[in-house]
Amino acid sequence: MNLLAEAWAWLTDPASWTDGGIPERIAQHLAVTFVVVVIAAVIALPAGIAVGHRRRGGGWVVATSGAARAIPTLGVLTLFALWLGIGLVAPVLALVLLAIPPLIAGAYAGVAAIDHSIPEAARAIGMSEAQIVGRVEVPLAARTIVGGLRSATLQVIATATLAAYISDTGLGRYIIGGLKSRDYAEMIGGSVLVVALALILDAAFALALRLRIFRTTTSARHHERTAL
Amino acid sequence: MTHLRFAISASAIGALTLALGGCATSESLEGNSSSSETIVVGSQDYYSNEIVAEIYAQALETAGYEVERDFRIGQREVYVPDIESGAVDVFPEYSGPLLQFWDETTTATFEDEVYAALVDAAPEGVRILDQSAATDQDSYVVTKALADEYGLVTIADLAKVDEPLTLGGNSEGEDRPNGPKGLKAAYGIEVDFTPIEDGGGPLTVKALKDNQVQLAIIYTANPAIADPELVQLEDPKGLFLASHVVPVVSDKLDARAIEIINTISAALTAEGLVALNTQSIEDEAPASTVAAAWLAEHDVS
C-alpha cells in the first residue's frame with residue numbers, strides 16, 4: 001500500500017511533469033508505437049489480405065504467425081542490437097516482428113471469412129481482382145482487420161518499454177531505471193503510465209469501431225437503418 | 001461426511017510427516033556441527049564470487065579440513081546475518097560494498113582507507129582477512145583508439161578530449177555518483193548519458209567500438225575488460241568505490257586455515273580474477289573445475 005502511495009506521489013509530483021519528464025516520455029513512447037505499427041501494417045496487411053483473397057496458404061499463415069508470437073522480443077532486440085548497435089533501430093525492428101503476427105492473422109481471417117459467393121458475384125459483374133479486394137473484401141473484412149490492428153497496438157505499447165534497454169527513449173526508462181536503482185515508486189509510476197496509455201488507446205479503438213469510423217458491411221448498415 | 005473425515009485424516013498425516021521431517025532435519029544439522037569442526041564456505045549468487053568461494057573450499061579440503069559448501073545464498077541482505085551469526089564461516093566479499101552495508105555513513109572510497117574502515121566496522125566474531133589485489137568494481141573504459149589519440153590515462157585526462165562525450169551504462173548510473181553527476185563533481189567533466197542495460201556486456205562493448213558512446217562503465221572483473229581494444233581509465237580522485245575481493249571469516253577458523261586463505265588472497269591478482277571469469281564464461285566450465293585449475297597453478301598449501 002505504501003509503495004502505491006509513493007508511486008502516486010511520484011505521478012502527481014509537478015517535478016515529474018517538467019521538461020524532459022513524463023510528457024516527453026509519453027510522446028516518445030507513442031511515437032515509437034506509431035512508427036512500429038505503421039511499418040508492421042505496411043508489411044503485414046497486404047500479405048494477410050493477399051493470402052485471404054487467394055484462399056490458399058491460410059494454414060501456413062495461421063501456423064507461422066501463431067509460432068511467431070512465441071518469439072521473445074528482448075532476445076530479438078539483443079540480437080538486432082549486436083548487429084546494428086544501440087539506439088532506436090534495433091528496438092523498432094524487434095517490435096515490428098512482434099506486431100506482424102496479429103496483423104497478418106487479422107487481415108487473413110477477415111478476408112478468408114467472407115462467403116465465397118460474394119467475391120464470385122463481384123467477379124461476375126466484371127470487377128477486376130484489384131477492385132474485388134479494394135471495394136468488396138477489405139470493406140467487408142474491415143472490422144477484423146482493425147481488430148488485428150488493435151491487438152498489435154496494445155502489444156507494442158506494452159512492449160515498447162524495451163526501447164529503453166538500449167536507448168534513452170520512452171516510458172520504459174522509468175521502469176528499468178526505477179527497478180535498477182530500487183526507486184520502486186518511479187518503477188510503479190512508469191508501469192501505471194504504460195497501463196493507462198494502453199487502456200486509453202484500446203478505448204479509442206473500441207469507440208472508433210462503435211462509431212463506425214471504419215466501413216462495415218453494407219448488410220449490417222442496412223439492418224441498422226431499418227432498425228432505426 | 002466420509003469425505004470430510006478423509007480430508008481431516010489426510011491433513012493430519014501430512015502435518016505429522018512435516019513434523020517428523022522437521023525433527024529429522026534439525027537433528028542431523030545439530031549432529032553435523034557438534035561432531036566435527038566443519039567449515040561452512042558460502043558464496044553470493046554470482047558466478048565470479050562462487051569461483052573464489054570454491055577456491056577457498058578446495059584449498060581447505062586439500063589441507064584436510066571438513067568443508068561444507070553453502071553457495072549461491074543470494075545478496076548481501078540475505079547472507080550477512082548468516083556470517084554475523086557464525087552459520088557461515090568463510091565468505092568471499094567485496095571491500096567497499098560490504099563496508100557500506102555495515103556503515104551507511106562512510107565516505108571512504110580509496111582501497112586502503114576502505115579496508116581499514118572495514119576492519120573497524122566488522123561486528124564481534126567476524127574477522128576480515130587480507131584483501132586481495134583482485135577487484136570487482138565500476139570503472140570507466142574507453143577505446144584504445146580514443147586513448148591513444150588524446151593520451152588518456154586517467155579519468156581527469158578526459159578534459160583533453162575536444163569532442164562531445166557520451167557515457168553508456170546501466171540506467172541507475174545516471175543518478176548515482178559513478179555517473180555524469182559524479183564525473184562533473186569530482187573531475188569537472190561534462191558528459192551525456194545513454195542507457196545500455198546489459199551491465200557492461202557485449203552491447204556496451206559494441207557501442208564503444210562503434211563510437212556510439214565514447215565512455216562506458218564496465219566492471220573490473222568483467223572478461224570484456226581484457227579486450228585489447230579497450231582501455232580502463234585510472235581513477236585518482238576515488239570516484240569509484242574500491243571493491244577488492246576480501247575474505248570474511250568467523251572466529252572458528254584456526255591459524256592454519258587463515259594462513260591458507262591469506263595465501264590465496266596474495267596470489268589472486270586483478271588479471272587473475274578476470275581470467276577466472278573468462279574461463280567460466282567462455283568454456284562454460286563449472287566453478288569447481290575453474291577453481292581446481294587455478295589451484296593447480298598456484299601453490300597455496
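Throughout, protein chains are lettered first and strands after them, A, B, ... in sequence-line order, and every chain is numbered starting at 1. The analysis underlying the following values was restricted to heavy atoms, covering all of them including side chains, and did not include hydrogens, waters or symmetry mates. Quick caveat: nothing in here was measured; it's all calculated off a predicted structure.
Shown here is B/Glu163, whose CD atom has more than 12 heavy atoms of other residues, nucleotides or ligands within 6.0 Å. Annotation: B/Glu190, atom CD; neighbour count of heavy atoms from other residues, nucleotides and ligands within 6.0 Å does not exceed 12. When the shell of 6.0 Å around CD of B/Glu104 is examined, it contains 12 or fewer heavy atoms from other residues, nucleotides or ligands. Heavy atoms from other residues, nucleotides or ligands lying under 6.0 Å from CZ of A/Arg55 number more than 12.
Neither the backbone nor the side chain of A/Thr169 comes within contact range of chain B, judged by heavy atoms closer than 4.5 Å. With a 4.5 angstrom heavy-atom cutoff, A/Ala90 does not touch chain B via any of its atoms. For a residue to count as touching a neighbouring chain, one of its non-hydrogen atoms must lie under 4.5 Å from one of that chain's; by this rule B/Val205 does not touch chain A.
Smallest separation of non-hydrogen atoms from B/Leu203 and A/Thr78: CD2-O, 4.0 Å. The two atoms that bring A/Asp168 and B/Phe193 nearest to each other are OD2-O, 4.3 Å, heavy atoms only. Listed here is the closest heavy atom pair of B/Val213 and A/Ile86: CG1-CD1, 4.0 Å. Across A/Ser167 and B/Pro195, no two heavy atoms sit closer than the pair O-CG, 3.5 Å. Across all their heavy atoms, A/Leu84 and B/Gln212 have their closest contact at O-NE2, 4.4 Å. Considering every non-hydrogen atom in both A/Arg173 and B/Ser171, the closest pair reads NH1-CB, 3.2 Å.
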